[in-house]
Amino acid sequence: MEQPPSPPPPPPPTSPGLGKAGVVPSRRLGTVRGGPMSSPPERRARLSSPGTSRQFSEAREEVRRRLRDLIEGNRVMIFSKSYCPHSTRVKELFSSLGIDYNILELDQVDDGANVQEVLTEISNQKTVPNIFVNKVHMGGCDRTFQAHQNGLLQKLLQEDVAHDYDLIIIGGGSGGLSCAKEAANLGKKVMVLDFVVPSPQDTTWGLGGTCVNVGCVPKKLMHQAALLGQALQDSRKFGWAYNQQVKHNWEAMTEAIQNHISSLNWGYRLTLREEGVAYVNSYGEFVEPHKIKATSKKGQETFYTAAKFVIATGERPRYLGIPGDKEYCITSDDLFSLPYCPGRTLVVGASYVALECAGFLAGLGLDVTVMVRSILLRDFDQEMAEKVGSYMEQHGVKFLRKFIPVTVQQLEKGSPGILKVMARSTEGPETVEGIYNTVLLAVGRDSCTRKMGLEKIGVKINEKNGKIPVNDVEQTNVPHVYAIGDVLEGKPELTPVAIQAGKLLARRLFGASSEKCDYTNVPTTVFTPLEYGCCGLSEEKAIEVYNKENIEVYHTLFWPLEWTVAGRDNNTCYAKIICNKFDSDRVIGFHILGPNAGEITQGFTAAMKCGLTKQQLNDTIGIHPTCGEIFTTLQITKSSGLDITQKGC
Ligand code: FAD
Ligand code: NA7
């Protein structure tokens, strides 16, 4: 007799079983809190005490959906009870066969009784263990042993082996490559498909995705080129004398940066080869749940199958949809390899990509205007954003606020040519006209999710923005399809985030790990001429979450020692922390405007991960003379209204 559904008194929890006997612990979904079957507290409450019949049926539907996910997402899925001897026999059978299995212990989930009822509806079986193999309902303990004896079990298990790969990753950028390498390291057969659709200006690039080719890497190097220009100016004050005229050569800079990028592209290819990952330079598109069509540059189509898929296709720059934008404007996809100096440039957009590009172009000596639709750096701390903007303005960048472009017209061809931009005010009928050599659009980025057959296999996207919603283990609504990186809904769009998510996903899918990607307290830096680093909440968000009276803001202006002799910008750099008064003055927001902001922010982020408090900052001895030391001596609260200007070192 197998275990009846009525629950006997719960015995103490047993120790976790092993999947592959003694080798790979199975992911015990029921016993692991936060696994696919666990739910946020409010949902659990609703499941156990449904308020209305509508809520009840919604809750039942949710359980049904989650059970279906488990059955479809796992090669062997055992619904069990931790104390049931029949369940133990079945687990031992799969372990002895060396087969990985997943378990949901119904006595160890809060809504176990509900789950068991829904499971009964699905399988027509009331008892546990209740076993599914490759989505087929196997039955209970006796039927599983029978199937083993008559060979049916082995046959069912083999159906899965028929795939070409254990994992196919679509997108060879930061997230995809990290996931591929980790999965291959764990002994899996992995393929990466990466294909760059040429930009409207026909720009393409090599393996590695946005960061290395048209993002973080060339951006930071061009920012460095601009900082060197500033250093040259400062150097005279430090006694350097030079007679030669100092000029910047765009072509020389771009060639050097592109050479570096080529070496990185080559390095990625080599690493994939060394790790045994198959790399195919083709565009991937789902044609069946486990089958993908790969189309090469020459239009050749090849089909591959896999047990699991990861979507890591990232984003591409958005266009405005106004006359002349695709014909005459460039985006960040084109800028870093532009074969000629862009000249007088209009940057459209005001988030970090726009301001960073405007910043380094101006730093290289170009005449730059930023057209801002509403605010600077949306979603960043607005006090910091305004300070970033005013520093740029003081250093020669022009801002055209509350305007949007309406048409872009080519007056003259050339490298660069001459463009006329008509723009209109967002606040009234006013229009302006401007003449530029280059118009750089940085008005947001669209997820690359709409032309890859996701609808054919039922992967849901947010129709508004193309983003893919996933659960806390980066699983889409189709259980064998996962997503990481910039395509994810509601997650930071940053390279280290994509890398971390990819690595941890591979470890969870193919290793013994259950560690999830922690998307909180992710630091970032805006590499504008005055760099802005931050971690945690903006002041606005902190007020929204905790209320103004519950937070304390400590802040100060400061003057980096390096800038004093150079006679530069006193009382421009700024440090601010936001503390939760009712949680030991814990630091919930960290913000710095100053040189090397990224380097400083990185260290303090580790401290914030450890629960940094204001007192711990006070107890920390600084390194003198540095900019980072300012955080160990912050005394003035914003609420005091005291003067924060600095008088000396
Ligand atoms: P990506 O790196 O974009 O990789 C996706 C890859 O998939 C691409 O190669 C794409 O061509 C390919 N692909 C798309 N569709 C298909 C398909 N159907 N088949 C095959 N291949 C496909 N982040 C930071 O952390 N720091 C920074 O300083 C920083 N600066 C940035 C500056 C700029 C100008 C930009 C644009 C971005 C910047 N980012 C920065 C963001 C960072 O680049 C992204 O967060 C990161 O690259 C996301 O990685 P991903 O793996 O999700 O996607
Ligand atoms: P974002 O962060 O989406 O910001 C887009 C910016 O462009 C923002 O300032 C917008 O202004 C502005 N925008 C959007 N549409 C228009 C139009 N039609 N006209 C004028 N201005 C417009 O995009 P980014 O490209 O800077 O960065 C996106 C990601 O890429 C980033 O997270 C990194 O991962 C890399 P708004 O504030 O909405 O008024």
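Counting begins at 1 with the first residue of the sequence. Whatever order the structure lists ligands and atoms in, that order sets their numbers, starting from 1. Predicted, not measured: the structure shown is a model, and the values here were computed from it.
- Under the 4.0 Å criterion applied to side-chain N and carboxylate O atoms, Glu285 and Lys456 are assigned as salt-bridge partners.
- Every N/O-N/O distance between Phe527 and ligand 1 stays at or above 3.5 Å.
- With a 4.0 Å heavy-atom cut-off, ligand 1 is reached by the side chain of Arg445 but not by its N, CA, C or O.
- Ligand 1 has an N or O atom lying under 3.5 Å from an N or O atom of Lys219, backbone or side chain.
- With a 4.0 Å cut-off on non-hydrogen atoms, Ser282 touches ligand 1 through its backbone and not its side chain.
- Taking only nitrogen or oxygen atoms, main chain and side chain alike, Val353 does not reach within less than 3.5 Å of ligand 1.
- Closest of all the heavy-atom pairs between Lys467 and Asp486 is NZ-O, 2.6 Å.
- At a heavy-atom cutoff of 4.0 Å, ligand 1 is contacted by the backbone of Ala312 but not by its side chain.
- The nearest non-hydrogen atom to atom 35 (C) of ligand 2, considering only Tyr352, Phe380, Tyr319, Phe403, comes from Tyr352.
- A donor-acceptor pair is defined here as one N or O able to donate and one able to accept, closer than 3.5 Å; such a pair exists between the side chain of Thr449 and the backbone of Gly466.
- Of the heavy atoms in Ala442, only backbone atoms (N, CA, C, O) come closer than 4.0 Å to ligand 2.
- Between Phe286 and Phe309, the ring centre distance stays below 6.0 Å.
- With a 4.0 Å cut-off on non-hydrogen atoms, Val353 touches ligand 2 through its backbone as well as its side chain.
- Geometric assessment of Lys387 against the ring of Tyr574 yields a positive cation-pi assignment under the 6.0 Å and 45° thresholds.
- Look at Leu207 and you'll find every heavy atom at least 4.0 Å from all atoms of ligand 1.
- Close N/O approach between Phe336 and ligand 1 is not found [any backbone or side-chain N/O within under 3.5 Å].
- Close N/O approach between Ala350 and ligand 2 is found [any backbone or side-chain N/O within under 3.5 Å].
- The aromatic rings of Phe360 and Phe336 are tilted relative to each other, their planes meeting at an angle between 30° and 60°.
- For Thr524, no heavy-atom contact with ligand 1 is shorter than 4.0 Å.
- The backbone and the side chain of Glu493 each have at least one atom closer than 4.0 Å to an atom of ligand 2 (non-hydrogen atoms only).
- Below 3.5 Å of separation, one finds an N or O of Ser174 facing an N or O of ligand 1.
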Full working for side chain to side chain donor-acceptor pair (under 3.5 Å) between Asn213 and Asn265: CA-CA 8 Å; Asn213 294 288; Asn265 298 145; 3.0 Å; yes
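- Checked by distance only, ligand 2 and Arg373 come closer than 3.5 Å through their nitrogen or oxygen atoms.
- Distance alone, capped at 3.5 Å, is enough to place a donor-acceptor pair between the Asp166 side chain and the Lys189 backbone.
- Checking only distances, Thr495 does come within under 3.5 Å of ligand 1, N or O to N or O.
- For a threshold of 3.5 Å applied to N or O pairs, the pair formed by Tyr352 and ligand 1 contains at least one separation below that value.
- Nearest residue to atom 20 (C) of ligand 2 from Thr210, Val406, Ile404 is Ile404 (criterion: closest heavy atom).
- The protein non-hydrogen atom at the shortest distance from atom 28 (C) of ligand 2 is Arg445 CD, 3.7 Å.
- Paired with Asp446 under the rule salt bridge (Lys or Arg N to Asp or Glu O under 4.0 Å), one option of Lys451, Arg316, Arg318 passes, and it is Arg318.
- Salt bridge present: Lys609 and Asp518 bring a charged side-chain N and a carboxylate O closer than 4.0 Å.
- Put simply, the side chain of Glu383 never gets that close to the backbone of Ser538: no donor and acceptor are under 3.5 Å apart.
- Under the 4.0 Å criterion applied to side-chain N and carboxylate O atoms, Glu540 and Arg378 are not assigned as salt-bridge partners.
- Of the N or O atoms in Arg378, one or more lie within a sub-3.5 Å distance of an N or O in ligand 2.
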Steps toward side chain to side chain contact (heavy atoms under 4.5 Å, CB included) verdict (Val280, Met191): CA-CA 7 Å; Val280 175; Met191 166 179 277; 3.5 Å; yes
Test log, rule side chain to side chain contact (heavy atoms under 4.5 Å, CB included), inputs Tyr436 and Ile418: CA-CA 6 Å; Tyr436 304 93; Ile418 299 179; over 6 Å; no
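- Contacts of Ile170 with ligand 1, taken as heavy-atom pairs under 4.0 Å, involve the side chain alone.
- Of the candidates Val214, Thr295, Leu494, it is Val214 that places a heavy atom closest to atom 34 (C) of ligand 1.
- Only the side chain of Leu320 comes within contact range of ligand 2, with a heavy atom under 4.0 Å; no backbone atom does.
- Shown in contact with Ser374 at under 4.0 Å from a heavy atom are these atoms of ligand 2, numbered in order with element: 36 (P), 37 (O), 39 (O).
- The protein non-hydrogen atom at the shortest distance from atom 26 (O) of ligand 2 is Ser351 OG, 2.1 Å.
- Side-chain atoms of Asp194 never come within 3.5 Å of backbone atoms of Gly171 as a donor-acceptor pair (strictly under, hydrogens ignored).
- Considering backbone and side-chain atoms together, Thr210 places an N or O closer than 3.5 Å to an N or O of ligand 1.
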